[in-house]
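Here the structure is a predicted model, which means the values were calculated and not measured. No hydrogens, no waters, no symmetry mates; every other heavy atom, side chains included, goes into these values.
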Amino acid sequence: MKKVITVVLITILILMGCNDHGYGGLLNRSQVEKLYDDADLIELEDGTVYINGPEWIEEQKLTKGDKIGIVEEGMATKLPEGAIIYESKESQPILIVEYQGETKRYLLASGE
């Protein structure tokens with residue numbers, strides 16, 4: 001039994017060391033704000049964060065999918081309240097946002 005506990009503890013310590021200080025996998029709002037001082041982001045109700053900025057997403061041919069929400073107070077750093085959020089039909093980690101005749105794209109925030 002002691003060997004099993006020792007192996008489990010060692011495994012946990014190794015995995016914690018590989019985590020790169022919390023910047024692996026999906027990033028939360030505070031992580032994105034630490035990485036990018038002037039982040040243009042949206043945080044959905046479920047806590048997932050999307051960021052605007054990667055140039056390659058602007059070059060993609062994407063069409064709006066289902067409407068998934070409307071920007072509410074405190075939900076985004078640079079979008080106005082009332083902006084409409086859509087899924088992209090072609091690429092799930094990209095959102096398309098429309099407001100005041102403009103369109104912006106947001107990519108799911110993830111670490112390495």
Side-chain angles (χ1 to χ4, degrees):
M1 185 66 165
K2 282 186 177 183
K3 288 182 180 181
V4 172
I5 292 173
T6 302
V7 170
V8 169
L9 288 174
I10 290 172
T11 303
I12 290 171
L13 290 173
I14 290 170
L15 291 175
M16 287 174 56
C18 296
N19 194 9
D20 193 40
H21 306 292
Y23 294 122
L26 297 181
L27 301 178
N28 62 38
R29 186 176 186 143
S30 65
Q31 290 170 324
V32 171
E33 289 173 337
K34 283 179 186 175
L35 289 171
Y36 308 102
D37 292 334
D38 196 28
D40 181 359
L41 64 84
I42 302 171
E43 180 179 20
L44 300 182
E45 289 180 10
D46 65 0
T48 54
V49 177
Y50 291 78
I51 57 171
N52 175 265
E55 291 181 23
W56 65 267
I57 65 171
E58 297 302 329
E59 298 168 359
Q60 300 295 311
K61 298 236 185 260
L62 301 173
T63 52
K64 293 185 304 188
D66 294 333
K67 176 180 169 182
I68 61 168
I70 296 176
V71 174
E72 298 175 3
E73 184 177 347
M75 189 174 175
T77 55
K78 298 195 177 190
L79 290 169
E81 290 180 36
I84 303 170
I85 307 167
Y86 299 92
E87 290 180 334
S88 163
K89 285 186 179 180
E90 294 81 10
S91 182
Q92 292 304 317
I94 297 175
L95 298 179
I96 300 171
V97 180
E98 291 184 340
Y99 64 98
Q100 302 168 353
E102 297 207 28
T103 302
K104 289 176 100 174
R105 296 175 179 183
Y106 289 77
L107 178 66
L108 182 63
S110 62
E112 296 179 15

| Arg105 and Val97, any side-chain heavy atoms less than 4.5 Å apart | no
| Is the shortest heavy-atom distance from the side chain of Thr103 to the side chain of Ile96 under 4.5 Å? | yes
| Rounded to the nearest 0.5 Å, how far apart are CD1 of Ile94 and CG of Asn52? | 11.0 Å
| said: Under the salt bridge (Lys or Arg N to Asp or Glu O under 4.0 Å) definition, can you give me all pairs with a residue in residues 45-73, not counting sequence neighbours? | reply: Lys64-Glu98
| said: side chain to side chain contact (heavy atoms under 4.5 Å, CB included) for Met75 and Leu44? Distances and angles first, verdict last. | reply: CA-CA 7 Å; Met75 189 174 175; Leu44 300 182; 3.9 Å; yes
| Minimum heavy-atom separation for Gln92 to Lys89, with atom names? | NE2-O, 4.3 Å
| request: Would you mind telling me which of Pro54, Ser91, Ser88 makes a side chain to side chain contact (heavy atoms under 4.5 Å, CB included) with Leu107? | output: Pro54
| said: Ignoring hydrogens and geometry beyond distance, is a side-chain donor-acceptor pair present between Glu90 and Thr63 at under 3.5 Å? | reply: yes
| field | Test log, rule side chain to side chain contact (heavy atoms under 4.5 Å, CB included), inputs Gln31 and Asn28 | value | CA-CA 5 Å; Gln31 290 170 324; Asn28 62 38; 3.3 Å; yes
| field | Distance (rounded to the nearest 0.5 Å) between Ile51 CD1 and Leu95 CG | value | 11.5 Å
| query | Is Leu108 close to Leu26 at the side-chain level, that is, under 4.5 Å between some pair of heavy atoms? | reply | yes
| field | Side-chain heavy atoms of Lys104 within contact of Asp40, under 4.5 Å | value | yes
Atom pairs and distances, donor-acceptor, side-chain atoms in residues 78-86, under 3.5 Å, two or more places apart:
{"from": "Lys78", "atom 1": "NZ", "to": "Asp38", "atom 2": "O", "distance (Å)": "3.3"}
{"from": "Lys78", "atom 1": "NZ", "to": "Asp38", "atom 2": "OD1", "distance (Å)": "3.1"}
{"from": "Lys78", "atom 1": "NZ", "to": "Asp38", "atom 2": "OD2", "distance (Å)": "2.8"}

| Linked, directly or transitively: Ile42 and Ile70 (ILVMFWY side chains, under 4.5 Å) | no
| Would you say the side chain of Leu27 lies within less than 4.5 Å of the side chain of Val49, judging by non-hydrogen atoms? | no
| task | Kindly determine whether Tyr50 and Glu43 satisfy side chain to side chain contact (heavy atoms under 4.5 Å, CB included), including the steps that lead there. | result | CA-CA 7 Å; Tyr50 291 78; Glu43 180 179 20; over 6 Å; no
